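Inspection log for the structure reproduced underneath, given as structure tokens.
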Amino acid sequence: MSQTIKTSPSEATRQAKIGKRVVDAIKPGDRDQFLWDPEVRGFGVRCKPSGNKSYLVQFRNSHGRSRRVTIGRCNVLTADEARREARVILADAQRGDDRAAERRADREAPTVADLA
């Protein structure tokens, strides 16, 4: 079912076709755990130590910087819905759009309270 891949000395990741059974089988650990889908490169699931699980996509922007975008919580989206959204995000990244940078800009934008 899974294959261990070392991406850095502190982070071991696994690969498996992401579906409901696989997501439900992920158990929280003492740090974030990642499970990557072999079908769509960069699409995966993150399980936090609290037990919260979310779908995400990781890619490199046009400047070569690694970006990670959370697609949604696993209890809200199905794996197939999240996989479709991951493909859209990856296609946008190929065209030069950086959804992670857009989200950061939205967070840093002045609020109505700041303007008033």
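Source: prediction; values computed, not measured.
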inquiry  = To check you understand the geometry: which heavy-atom pair defines the closest contact between V45 and C74, and what is its length?
reply    = CG1-SG, 4.0 Å
Rounded distance (nearest 0.5 Å) linking atom OG of S54 with atom NZ of K48 = 7.0 Å
request  = Measure the shortest side-chain to side-chain distance between I89 and F43 over non-hydrogen atoms and say whether it is less than 4.5 angstrom.
outcome  = no
query = Looking at CD of Q15 and CG of D37, how far apart are the two atoms once the value is rounded to the nearest 0.5 Å?
reply = 8.5 Å
query = How many angstroms lie between CZ in R67 and CG in N61, if you round to the nearest 0.5 Å?
reply = 5.0 Å
request  = Please round to the nearest 0.5 Å and tell me the distance separating atom CD1 of I71 and atom CG of L77.
outcome  = 8.0 Å
message = Do V57 and E85 make a side-chain contact, defined as non-hydrogen atoms from C-beta onward lying under 4.5 Å apart?
response = no
inquiry  = Do C47 and P28 have side chains that approach each other closer than 4.5 Å (heavy atoms only, starting at C-beta)?
reply    = yes
key: Contact check, side chains of I26 and F34, non-hydrogen atoms, under 4.5 Å   = no
query = Once you round to the nearest 0.5 Å, how far does CG of L90 lie from CD of Q58?
reply = 10.5 Å
ask   = Can you name the nearest heavy-atom pair linking K17 to V22, along with the distance?
value = O-CG2, 3.4 Å
task = Would you indicate whether the side-chain heavy atoms of R87 and E39 approach each other to under 4.5 Å?
result = yes
Contacts of D24 that satisfy salt bridge (Lys or Arg N to Asp or Glu O under 4.0 Å) - sequence neighbours left out = K20
note = All heavy atoms of G42 vs all of W36, minimum pair found to be O-CZ3, 3.3 Å
task = With rounding to the nearest 0.5 Å, note down the distance linking CG in D32 to CG in N52.
result = 10.5 Å
ask   = Which pairs pass salt bridge (charged side-chain N to carboxylate O under 4.0 Å, His left out) with one or both residues in residues 69-81, sequence neighbours excluded?
value = D80-R83
